[in-house]
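First up is the structure itself, then whatever we jot down about it.
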2 protein chains.
Amino acid sequence: MKKKTTIYDIAAKLGLTAATVSRALNNNPKISINTRKLVLETALEMNYEQNKLALALKSGKSYNVGVIVPRIDSNFFSSVIRGIEEELYPKGYHVIICQTHNQENIENEKINSLVNVQVDGILMSISNANLEENKGFNKLLKNKKTPLVFFDRKKDIKGISSVTINDFKGGYEATKHLLDQGCKRIAHLSNDRNFEIFRNRYLGYKQALSDNGIDFDESLVIETQSNVLDGRRAARLLLDMETPPDAIFSSSDFAALGAIQEIKESGLNIPEDICVVGFSNEPFTRFMELTTITTVDQFPLEMGRTAAQVFLEEVSNTGDIKITKNVVLTPQLIIRKSSLKHKEG
Amino acid sequence: MKKKTTIYDIAAKLGLTAATVSRALNNNPKISINTRKLVLETALEMNYEQNKLALALKSGKSYNVGVIVPRIDSNFFSSVIRGIEEELYPKGYHVIICQTHNQENIENEKINSLVNVQVDGILMSISNANLEENKGFNKLLKNKKTPLVFFDRKKDIKGISSVTINDFKGGYEATKHLLDQGCKRIAHLSNDRNFEIFRNRYLGYKQALSDNGIDFDESLVIETQSNVLDGRRAARLLLDMETPPDAIFSSSDFAALGAIQEIKESGLNIPEDICVVGFSNEPFTRFMELTTITTVDQFPLEMGRTAAQVFLEEVSNTGDIKITKNVVLTPQLIIRKSSLKHKEG
DNA sequence: TAATCAATTGTAATCGATTGCATATTAATC
DNA sequence: GATTAATATGCAATCGATTACAATTGATTA
């Protein structure tokens, strides 16, 4: 277990100074060609590798970025992370993963922890709709040293960049599609609308209804968690109504799946009796045997890549004026069997 | 954007030395109670936070661990990573993610890169069956400074710990279950058997056949990639045989799904005509509407947690003799509709 | 009263690389 | 041949925290 060689070792071997070695390795023009060559050869020979920790301490840059997500084991988030990693690794950055489990206190703690290990930036999808009340987060905001980029679940905060999809449009088009299928009574499985993404999907839904002369009926909107079981519960509520809906637009694929299960078990047919549209394009929506699920693709890979790019721009921006970028990707409605009564014109 | 306060700032404010402040903060018993109290209060007041980079440089410990996987956006790997993160974060570690895309050169590079940023350990699922021929990997092995733990896709290398499931048993039980269903001609969608996991599933399959008096038929084993399309291709080959199989045990859920699609499209019924069993318990296997897929659960969360624990043991082991631990988790066959012709006795 | 000891705190080196400011050497110029 | 300029290298501080090894202080003891 021999120690790693340092520039001092190289310097000693060549009768030089660490300073000279350092400059030679960094292609400083002040170093003579001979010395440079000698140093480079010796470095190779001695298996020299730059100590990044020393560099980090000196420069204040760790070349690590933190990524905070509610959880990593969902296709959406792991795909975003994949995109981030693919974009940042070639630039020399490593990606540190943190999960919040949707708990505000954990999110708080992880933000602190990441700042504490001197990450060069934080990319996050928030778990706390009231992030501004969060101490760790506020410290991060004030000190402004660590670039912050929101993706997907963002907060509209001045000076903070974000990458999202146009959730309004996603909600609008999903609803419009259902209307085009002849549906008149469209329910919506929403989620906590303190989060922009869910509020916007909801608003898109409402707008589509209004644009097409359908009265908004609040009783058709049910707040639903993003999981199969709660989707079932919501569907049950809807089916038990005096006049059940003829379509459901769910802000979550998982809830949509639960709804589909509940609907089928009650003997109704999809899409004939009830059309269903989900959100996120989770893999299983494509794999369904009978009723592949219509859903909205959020392009998570691209979202991750873009968030990484925005981060890179921010760190490379040395000027005084900070550029805030709010990128909005366009979602894509993917029409499948769960909502397709007949070919659209 | 004020600078972060250091122990020197605290020292200056109190007319002390950085050494004293450091000791006070670290509860060194040589510091008087008064001084300690004073230092702690001032530290709090000045929002002092320990600079981990400086600490890392001094101590040689970065409190980062690297995790290398083929890809992160599959449920299996993201679940393992989730387990790792949950286990390590409370101990002060951060998890750095690297993807190889199953490419050997990238794997090589990422190993080097992680060692270079001084991670305290590497947990990995290999992408290269001939890892020993890998330069970066060998360096890692020789120098022995950075603990290495394999999970799932491991290599049997002396001195290297690993956490896997008993793939042999998984393959055996899957096959035995098919035999119990009355299947006589069981095909196997294998994968590159240079990887232990695939070889062992294959061997378990063979053993179950042999134990039950069924002759092994090599033509029923088809090397298949872990994706839907290749599963279709493999199924097509099998269906086109003179005597097609009456069951398929796939070493991948994705290939199993492809096979199911192909079988159904050719007008055959599952499980009546052909039983199918997958491997991994990917979410979609449970979500299938008609034919939920029988599969083998690998307990990825637990695998991740265990791998993390093994790593923690290795770093805390300061003795000279290195303890190598090879944990083998027990897989669980999850019987669903794709293979259940009738209740098992 | 001088010697000894314990309790605190300070000094300075260390981890490894970078960099502004000398300095030394050589070459070019008058 | 003396002066200037250019080139190459060294010196030493810095990033922030830790830690052997002094050094100081006051108290205790012979």
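Residue numbering restarts at 1 for every chain, and letters A, B, ... go by the order of the sequence lines. For the numbers below, each heavy atom of this structure counts, side chains included, while hydrogens, waters and symmetry mates do not.
- Remark: P of D:dG16 and CD of B:E49 are 13 Å apart, rounded to the nearest angstrom.
- Put simply, CD1 on A:I10 is 13 Å from P on C:dG16, counting in whole angstrom units.
- The CG-P distance, from B:L16 to C:dT11, rounds to 11 Å in whole Å.
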Sort me out a list of protein N/O and nucleotides 11-15 of chain D N/O pairs below 3.5 Å, or just none if empty.
from, atom 1, to, atom 2, distance (Å)
D:dT14, O2, A:K58, NZ, 3.4

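- With sequence neighbours left out, B:S161 forms a side-chain hydrogen bond (donor to acceptor under 3.5 Å, both in side chains) with B:E314.
- Shown here are the side-chain hydrogen bond (donor to acceptor under 3.5 Å, both in side chains) partners of B:N130, two or more places apart in sequence or in another chain: there are none.
- The heavy-atom pair separating B:S125 from B:D152 by the smallest distance is OG-CB, 3.7 Å.
- Residues of residues 33-45 of chain A that place a heavy atom closer than 4.0 Å to DNA chain D, in numerical order, are A:T35.
- Computed from C1' positions of five pairs at each end, the angle between the two local axes of the helix from C:dT1-D:dA30 to C:dC30-D:dG1 equals 70°, rounded to 10 degrees.
- With sequence neighbours left out, B:Y93 forms a ring-ring contact (aromatic ring centres under 6.0 Å, His included) with B:Y63, B:F311.
- One can place CD1 of B:I31 at 12 Å from C1' of D:dT19, the figure rounded to the nearest angstrom.
- In this structure, CG of A:N28 is placed 15 Å from C1' of D:dA6, rounded to the nearest angstrom.
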Distance-only donor-acceptor hits, side chain of residues 68-78 of chain A, under 3.5 Å, sequence neighbours excluded:
from, atom 1, to, atom 2, distance (Å)
A:R71, NE, A:D73, OD1, 2.9
A:R71, NH2, A:D73, OD1, 3.1
A:D73, OD1, B:R82, NH1, 2.8
A:D73, OD2, B:R82, NH1, 3.1
A:S74, OG, A:F77, N, 3.4
A:N75, OD1, A:S79, OG, 3.4
A:S78, OG, A:S74, O, 3.0
A:S78, OG, A:N75, O, 3.3

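- Computed from coordinates, the B:L53 CG to C:dG16 P distance equals 15 Å when rounded to whole Å.
- Listed by chain and number, the residues in a side chain to side chain contact (heavy atoms under 4.5 Å, CB included) with A:N51 are A:L53, A:A54, B:L57, B:Q118 (sequence neighbours excluded).
- At a threshold of 4.0 angstrom between heavy atoms, the contacts of B:I7 include nucleobase atoms, whether or not backbone atoms are also involved.
- Here B:S22 does not reach the OP1 or OP2 of D:dT19: none of its side-chain N or O atoms lies under 4.0 Å away.
- Comparing B:S32 and A:L25 by the nucleotide of DNA chain C whose heavy atom lies nearest to each, the residue mapping closer to the 5' end is B:S32.
- By the side-chain hydrogen bond (donor to acceptor under 3.5 Å, both in side chains) test, A:N194 is found to be paired with A:D192, residues two or more places apart in sequence or in another chain being considered.
- Judged as a side chain to side chain contact (heavy atoms under 4.5 Å, CB included), and not counting sequence neighbours, the contacts of A:Y89 are A:E85, A:H94, B:E109, B:K110, B:S113.
- One can place NZ of B:K61 at 19 Å from P of D:dA17, the figure rounded to the nearest angstrom.
- Residues forming a side chain to side chain contact (heavy atoms under 4.5 Å, CB included) with A:N138 (at least two apart in sequence, or on another chain): A:L141.
- Within 6.0 Å of the NZ atom in A:K61, the count of heavy atoms belonging to other residues, nucleotides or ligands exceeds 12.
- As rounded to whole Å, 9 Å separates atom C1' of C:dG16 from atom CD of A:Q50.
- With sequence neighbours excluded, the residues that form a side chain to side chain contact (heavy atoms under 4.5 Å, CB included) with A:T35 are A:L16, A:T20, A:I31, A:S32, A:V39.
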